[in-house]
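Below is one structure; the comments refer to it alone.
These values consider heavy atoms only, across backbone and side chains, with no hydrogens, waters or symmetry-generated copies. Because the structure is predicted, anything quoted here is derived from the model rather than measured.
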Amino acid sequence: MLAELFAVMAPVLAGAGLGFLWIRLGHPYPVDFVTRLVFNIGTPSLVLASLAGADIDASTFGRTMLATALVIITMGIATFGVAKLLRRDWRVLLAPMMYPNTGNMGLPVVLYAFGSAGFAYGITAMITVSLFQFTLGAALQSRGNPLKTLVKTPTVYAILMSMVLLLTNTSLPPWLANTVGLMSGFTVPLMLITLGVSLASIQVKNLRSGLGFSLVRIPLAAGAAWLIAGWLGLPPLAQSILVVQMCMPVAVFNYLFAQRAQREPAYVASLVFCSTLLALFYLPVLLALLM
């Protein structure tokens with residue numbers, strides 16, 4: 001079991017560690033360019049390549065999206081209680097509570113832990129979290145019309161195409177399948193490297209607050225995901241992956257949102273850094289229970 005867990009975590013540590021060391025050694029890294037490349041080309045290709053050929057029916061896909069959405073909403077409601085417990089403004093904690101790192105860290109962990117059979121469920125959870133960020137997150141941060149942002153997001157169209165393929169039980173033409181397969185290949189490695197770059201660029205001032213928040217959030221997310229997935233009758237594999245994805249550390253994007261809104265970005269930075277650091281210890285335990 002230890003060898004299996006190490007095989008899962010080693011690529012994640014290697015990719016993020018490479019990005020972290022790259023910045024610490026003083027090398028430049030075009031974060032904006034890479035982020036645009038991943039989200040506008042890599043992620044849509046990954047969605048199409050993973051869902052178009054996945055062994056998942058439209059009903060299970062829909063229930064997995066619904067389960068993820070319900071967990072996100074539950075965590076949003078729980079924010080008010082956590083804010084009182086930690087004596088923080090609920091507006092600061094709302095995004096970190098609702099949006100875990102289901103992309104940069106979640107997808108690699110799911111891929112190496114559960115293989116291609118479970119990767120489609122990991123993608124589904126990531127898609128749902130992203131949709132919430134692009135709509136509700138944009139509205140709360142007052143960054144323009146969320147529907148306009150949604151229309152301009154290529155991943156949305158990849159989702160729609162995937163759902164049509166699932167509903168009609170059809171496959172992509174070979175030329176398109178080969179193309180999106182090739183384009184999706186760079187997505188996961190770049191996600192990990194960018195995660196490491198982002199962590200190296202964040203200045204952390206309060207480790208205790210970050211660790212305290214993580215110790216409260218993780219059990220809440222795990223419990224909510226397990227209960228909601230069971231209530232909706234998700235397959236055991238989907239249930240396990242939903243728990244893993246919802247227990248991912250705080251997404252780096254939450255720090256960027258906090259900077260734009262000027263809502264305690266230094267504190268949110270500590271949540272991102274500490275939750276990611278703590279994930280190196282609790283994720284192997286969680287995976288040992290679920291794999």
Side-chain angles (χ1 to χ4, degrees), residues 39 43 64-86 88-107 109-110 121-143 146-147 149-150 153 155-156 159 195 198 209-210 212-229 232 241-265 267-276 278-279 282 286:
F39 279 93
T43 302
T64 303
M65 286 194 75
L66 176 60
T68 307
L70 290 176
V71 175
I72 293 171
I73 293 169
T74 301
M75 295 302 291
I77 296 172
T79 299
F80 297 98
V82 174
K84 286 187 178 180
L85 178 66
L86 300 180
R88 289 282 178 176
D89 186 348
W90 67 268
R91 298 174 186 83
V92 176
L93 295 181
L94 185 62
M97 282 287 289
M98 294 176 68
Y99 310 131
N101 195 342
T102 54
N104 292 35
M105 193 166 186
L107 290 184
V109 170
V110 169
Y121 296 115
I123 284 281
T124 305
M126 184 272 290
I127 286 170
T128 310
V129 172
S130 298
L131 289 176
F132 266 81
Q133 285 180 310
F134 291 141
T135 53
L136 181 61
L140 291 175
Q141 296 298 334
S142 299
R143 294 186 295 109
L147 292 179
T149 302
L150 202 64
T153 304
T155 303
V156 172
I159 296 168
L195 172 62
S198 300
S209 294
F213 172 82
S214 299
L215 292 175
V216 172
R217 184 193 179 280
I218 298 307
L220 285 175
W226 183 263
L227 290 174
I228 290 172
L232 292 177
I241 290 172
L242 181 64
V243 172
V244 171
Q245 281 284 58
M246 293 298 100
C247 289
M248 284 295 132
V250 177
V252 177
F253 271 108
N254 294 319
Y255 168 62
L256 302 179
F257 291 157
Q259 274 192 320
R260 289 180 179 179
Q262 284 301 300
R263 287 180 179 163
E264 299 189 50
Y267 175 69
V268 177
S270 71
L271 301 186
V272 173
F273 186 88
C274 293
S275 63
T276 304
L278 194 62
Y282 72 77
L286 188 63

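- Residues Thr124 and Thr68 are not in side-chain contact: their nearest non-hydrogen atoms beyond the backbone lie 4.5 Å or more apart.
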Show me the donor-acceptor pairs, under 3.5 Å and distance only, between side chains in residues 70-84 and residues at least two apart or in other chains.
residue: Thr74; atom: OG1; partner: Leu70; partner atom: O; Å: 2.7
residue: Thr79; atom: OG1; partner: Met75; partner atom: O; Å: 2.9
residue: Thr79; atom: OG1; partner: Gly76; partner atom: O; Å: 3.2

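- With rounding to the nearest 0.5 Å, the separation of CD in Gln245 from OG1 in Thr128 is 10.0 Å.
- At least one side-chain heavy atom of Thr102 sits less than 4.5 Å from a side-chain heavy atom of Met246.
- For the pair Phe213 and Leu93, the minimum side-chain heavy-atom distance is below 4.5 Å.
- With sequence neighbours excluded, the residues forming a side-chain contact (heavy atoms from CB on, under 4.5 Å) with Ser275 are Ser214, Pro249, Val250, listed by chain and number.
- One finds the SG atom of Cys247 at 9.0 Å from the CG atom of Leu242 (value rounded to the nearest 0.5 Å).
- Nearest heavy atom pair, residue Met248 against residue Arg217, reads O-NH1, 3.7 Å.
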